[in-house]
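Residue numbering restarts at 1 for every chain, and letters A, B, ... go by the order of the sequence lines. Quick caveat: nothing in here was measured; it's all calculated off a predicted structure.
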There are 2 protein chains.
Amino acid sequence: MSRSYGQLCGLALALDVIGDRWNLLIVRELLVRPDGARYTDLRDGLPGVATNLLADRLRDLQHSGVVGREEPKPPVATPVFRLTEYGRALRPAVEALAVWGGERVPGSSGEQDFRSRWLVVPIEALLADHHPDDPAVRVEVRTGDEPVVVEVGGGEVHARAGRPQDRPDLVISGPPKAVLGVISGKLPIAVAADVGVEVSGDTTVVNRLGLG
Amino acid sequence: MSRSYGQLCGLALALDVIGDRWNLLIVRELLVRPDGARYTDLRDGLPGVATNLLADRLRDLQHSGVVGREEPKPPVATPVFRLTEYGRALRPAVEALAVWGGERVPGSSGEQDFRSRWLVVPIEALLADHHPDDPAVRVEVRTGDEPVVVEVGGGEVHARAGRPQDRPDLVISGPPKAVLGVISGKLPIAVAADVGVEVSGDTTVVNRLGLG
DNA sequence: CAGCATCCGCTTTGATACTG
DNA sequence: CAGTATCAAAGCGGATGCTG
């Protein structure tokens, strides 16, 4: 467990729980895996983490009630980690931080790891369904290690890793940084074509999402 | 400067900038001091920080564009630190974390430092003016080291350290933890009286703020 | 005194190796 | 697969010293 700030202040109390290095990234990883994650899923989604730290942090987060661990019943299987309701309540904070940090996407440099799944948080935080009465549509985002589906309709936007059931109405593909730049609103979609972002299908959906 | 996560992800990029210990608390301190703060103001508002760390972090935050430092012109005076616009953009994230952490206020224990000023963030994040067309009113919160004024009117709620110009319409006083518990919504105001919270004046303002 | 910088003991982190 | 063990390096907290 980490050292407490010892301050009677909501922010300080929050940081006492999730302020340690890697903790919020673990929460992110569990937010984008609503069905839960195994230890190795987490390790893969957190490139750079030392395995002992991951184990320590998971223990801490369990003790503070943010993460739950489900032991499997049948003979052979592996434990699954999942956010508790208390942990899911971190979503607004994670989104706000991700939006703020998205500002730095175009300028960021160096070796950067990427997982398509990470797009789920900024997509749901920043994109909106501006034509809620139109029929629902599906967008497929192709970049990085796996596709991401965005379901848009009824005024809501949901994203998850995977492929759409039906064929998508719109497909966006390109290099991860450019795609994330577009989602973060720092890279106008018109300019994005110059850095390899391709958009095909029903391009009115682009406006519907506010990516014009 | 801290070690980067090296991940192409808004959250990770945000944490690269403000993820180090004390950084977000420094941002909080500057958020509740909109006129800027001197080095010693910050040290007083951050009980427990080592002075070398405060100096280091202020340098880091300047380099990353979160904090600005204004050198005084006249012969003798001391530098003033202030959030840049980029730094002020952290407010939603700080509020979200403070709200989440507020959950722990009633259960928190041990030696806890407190500064009345810290109330400004949760007050503005959690209280609302539910009767925007009524005339503006002032609330004085008396707890901790100095009073805090809350100005309510026109659908907005603003808080700052200090006393109201005119005499307040409502006065709330009591021990810091109880007062913060009430603001955080975890301690019903009816129950708060048992732990020393006193409310005097125009108590309709309590409902107007949603503290009923 | 305000605003740091330096030093030192301790804790935390990160990389790798190892185990049930 | 899901961690534990080990150890060097970095970071933190506290005290103290320097400079205008």
Side-chain angles (χ1 to χ4, degrees), chain A residues 1-7 12 15-26 29-30 33 36-63 67-82 110-111 113, chain B residues 1-7 12 15-26 29-30 33 36-63 67-82 110-111 113:
Chain A
M1 199 82 85
S2 86
R3 183 186 184 87
S4 167
Y5 286 107
Q7 298 185 358
L15 294 175
D16 283 347
V17 177
I18 47 74
D20 269 9
R21 201 164 161 76
W22 293 106
N23 269 344
L24 268 188
L25 294 184
I26 292 174
E29 214 50 34
L30 291 171
R33 288 182 182 273
R38 292 166 302 170
Y39 190 86
T40 41
D41 295 331
L42 291 172
R43 216 178 34 182
D44 176 71
L46 296 163
V49 75
T51 176
N52 58 338
L53 276 192
L54 180 54
D56 284 355
R57 294 291 175 269
L58 282 170
R59 231 190 318 270
D60 293 347
L61 291 171
Q62 284 172 69
H63 286 135
V67 167
R69 174 186 159 133
E70 291 157 29
E71 222 60 51
K73 322 272 177 59
V76 280
T78 101
V80 168
F81 297 93
R82 207 184 300 265
E111 286 274 307
D113 290 297
Chain B
M1 201 81 84
S2 86
R3 166 177 266 256
S4 166
Y5 285 107
Q7 297 185 359
L15 293 175
D16 283 346
V17 176
I18 47 75
D20 269 9
R21 199 164 162 77
W22 293 107
N23 269 346
L24 268 189
L25 294 184
I26 292 173
E29 214 49 35
L30 292 171
R33 288 182 181 271
R38 291 167 302 170
Y39 189 85
T40 40
D41 296 330
L42 291 172
R43 215 178 34 183
D44 176 71
L46 296 164
V49 75
T51 173
N52 58 339
L53 276 192
L54 179 54
D56 283 356
R57 293 290 176 269
L58 282 170
R59 229 191 322 268
D60 292 347
L61 291 171
Q62 285 172 67
H63 286 136
V67 168
R69 172 185 161 134
E70 291 157 28
E71 225 54 56
K73 323 268 178 64
V76 279
T78 101
V80 168
F81 298 93
R82 206 185 299 264
E111 286 273 308
D113 289 297

On the six-membered ring of A/Tyr39, is A/Arg69 placed so that its NZ or CZ lies under 6.0 angstrom from the centre and within 45° of the ring axis? no
Can you see if the side chain of A/Trp22 gets near the phosphate of C/dT12 - specifically, an N or O under 4.0 Å from OP1 or OP2? no
Quick check on contacts: within residues 43-55 of chain A, what sits under 4.0 Å from DNA chain D by heavy-atom distance? A/Thr51, A/Asn52, A/Ala55
Hey, are the side chains of A/Leu30 and A/Leu42 touching, using non-hydrogen atoms and a 4.5 Å cut-off? yes
Across all chains, not counting sequence neighbours, the side-chain hydrogen bond (donor to acceptor under 3.5 Å, both in side chains) partners of B/Asp41 are B/Arg38
What pairs with B/Thr40 under side-chain hydrogen bond (donor to acceptor under 3.5 Å, both in side chains), at least two apart in sequence or on another chain? none
When rounded to whole Å, the CZ to C1' distance for the pair B/Arg38 and C/dC4 reads 16 Å
Do B/Arg33 and B/Phe81 touch side chain to side chain, with heavy atoms closer than 4.5 Å? no
To the nearest angstrom, the CG-C1' distance between B/Leu58 and C/dC4 comes to 10 Å
When you measure from the side-chain N and O atoms of B/Arg57 to the phosphate of D/dC12, is any distance below 4.0 Å, counting only OP1 and OP2? yes
Nucleotide of D/dG3, C/dT12, D/dC12 approaching A/Arg69 most closely (side-chain heavy atoms): D/dG3
Does OP1 or OP2 of D/dT4 have a side-chain N or O of A/Arg59 closer than 4.0 Å? yes
Nucleotide D/dA10, atom P - distance to CG of B/Asp60 in whole Å: 16 Å
I want to confirm an ordering. Mapping A/Asp41 and A/Tyr5 to their closest nucleotides on DNA chain D, which one lands closer to the 5' end? A/Asp41
Using heavy atoms to find the nearest nucleotide of DNA chain C for B/Arg3 and A/Ser2 separately, return the residue whose nucleotide is more 5′. A/Ser2
4.5 Å side-chain heavy-atom contact, A/Leu54 and A/Trp22: no
Quick one: A/Asp113 CG to C/dG14 C1', roughly how many Å, whole number? 15 Å
Side-chain N or O of A/Arg21 versus OP1/OP2 of D/dA10: is the shortest distance under 4.0 Å? no
